[in-house]
Amino acid sequence: MDCTMESLPGKPSYFLAVKKNKSKTKTSTSSFSFKKPWSNTKDDSIIEILLVVRGTKTITDVITDLLCEDVPYRGGSAHAGILQSGQYLAKKHEPLFRKLQQHFKGEKSIQLTLIGHSLGAGAASIAGIELQDVDCVEKVKVIGFGCPALLSKDLSEKTLDYITTVVADNDCIPRMSTATMVNTILDIG
C-alpha cells in the first residue's frame, strides 16, 4: 500500500493498494476487495492493483486545475496541469509495478484499475494512458467521476476501450474548458 494525503501542484493525493494473494506466496501489501472490471473469475496469475486519485480539495489542487493551457500530447492536446499530474503518477508508480513483476519472476500479470473524481479522474485518465504503454502492465482500466475536459476529441476517442467517465446532469466542471470560459466572458462583455 502507498498513500499520500498531501498534494502539490502537479502531484495529486492518491491511494495505491495491491490485492494480497491468498496463496502461499507472501507479499508485504495490503488487501482490498473490489470487483475486477475485466473478469468474474479468480486468477492467481494476476496482480490486481487499485490506484485512487483524489479530486480538488486544497489550494495546491486549485493551482493544478488553473494550469489549463492546452499543450500538445500524443498527436492531440491535453490540459497542462492535469497532464503533469497524470504523468507524475505514472512515473512514480511504474518502478513499483516493475519490482512486483520481478518479484514474481514474470509469472503474474499486472491488471491496474485507476479511479478518480474531478481532478483525480483527469489525473487517473492520463496515468492510465501513460501506463497502457508500459510492458509490465497487461491491462489498464480507468473509471472517472466528474472528469474535467482534458483531452482533445481525437485523443479522447482513442481511449474509449479502457477509460470510462461518468458525468452528473448538472455538473458544469466536465463541460468547462478554457475555450468555453473565454466564450462566456466574451458573451457577457
Side-chain angles (χ1 to χ4, degrees), residues 1-8 10-55 57 61 64 73-75 78 82-145 147 150-151 155-166:
M1 180 178 82
D2 183 23
C3 176
T4 180
M5 297 310 292
E6 299 298 318
S7 59
L8 296 169
K11 296 181 178 181
S13 176
Y14 66 87
F15 176 86
L16 182 128
V18 180
K19 186 172 183 180
K20 191 173 186 177
N21 187 350
K22 298 191 190 248
S23 69
K24 294 179 183 179
T25 305
K26 291 192 176 193
T27 62
S28 61
T29 57
S30 298
S31 70
F32 64 90
S33 178
F34 69 101
K35 185 176 179 185
K36 295 185 285 185
W38 50 81
S39 172
N40 290 326
T41 61
K42 183 181 176 191
D43 187 348
D44 286 335
S45 68
I46 296 172
I47 302 168
E48 297 176 34
I49 299 176
L50 178 68
L51 177 59
V52 181
V53 189
R54 187 185 75 200
K57 181 179 180 185
D61 297 327
T64 300
Y73 180 62
R74 297 185 178 232
I82 296 174
L83 176 63
Q84 181 182 9
S85 296
Q87 288 176 326
Y88 162 78
L89 290 169
K91 186 176 180 180
K92 178 171 180 50
H93 293 102
E94 183 180 342
L96 171 66
F97 301 156
R98 291 194 183 284
K99 188 175 179 180
L100 281 169
Q101 271 274 272
Q102 289 173 352
H103 176 76
F104 290 105
K105 299 173 180 65
E107 295 173 4
K108 293 191 177 215
S109 63
I110 294 175
Q111 296 194 354
L112 174 64
T113 301
L114 299 100
I115 300 173
H117 171 258
S118 186
L119 168 62
S125 295
I126 296 292
I129 293 169
E130 294 289 312
L131 292 166
Q132 182 80 6
D133 297 335
V134 174
D135 60 348
C136 65
V137 178
E138 182 180 314
K139 183 102 175 169
V140 174
K141 185 75 177 169
V142 180
I143 303 165
F145 300 93
C147 185
L150 69 128
L151 298 173
L155 189 54
S156 177
E157 289 173 347
K158 292 177 184 176
T159 66
L160 290 173
D161 59 335
Y162 63 98
I163 297 177
T164 302
T165 58
V166 179

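The analysis underlying the following values was restricted to heavy atoms, covering all of them including side chains, and did not include hydrogens, waters or symmetry mates. Every value quoted in this text rests on a predicted model; they were computed, and no experiment measured them.
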Rounded to the nearest 0.5 Å, what separates atom [atom1] in [X] from atom [atom2] in [Y]?
| X | Y | atom1 | atom2 | result |
| --- | --- | --- | --- | --- |
| Ile110 | Gln101 | CD1 | CD | 5.0 Å |
| Phe145 | Thr164 | CZ | OG1 | 9.5 Å |
| Ile126 | Leu83 | CD1 | CG | 5.0 Å |
| Leu100 | Ile49 | CG | CD1 | 5.0 Å |
| Cys136 | Glu94 | SG | CD | 6.0 Å |

Are Glu6 and Lys57 ion-paired here, with the side-chain N under 4.0 Å from a carboxylate O?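 No.
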Can you list the residues that meet the salt bridge (charged side-chain N to carboxylate O under 4.0 Å, His left out) rule with Glu157, with sequence neighbours excluded?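 By the salt bridge (charged side-chain N to carboxylate O under 4.0 Å, His left out) rule, Glu157 matches Lys153.
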Sequence-distant partners of Asp161, salt bridge (charged side-chain N to carboxylate O under 4.0 Å, His left out), two or more places apart: none
Keeping the roles fixed (side chain from [X], backbone from [Y]), state whether a donor-acceptor pair exists under 3.5 Å.
| X | Y | result |
| --- | --- | --- |
| His93 | Leu89 | yes |
| Ser13 | Thr4 | yes |
| Arg54 | Met5 | yes |

Does Leu112 reach the side chain of Phe97, with side-chain heavy atoms less than 4.5 Å apart? yes
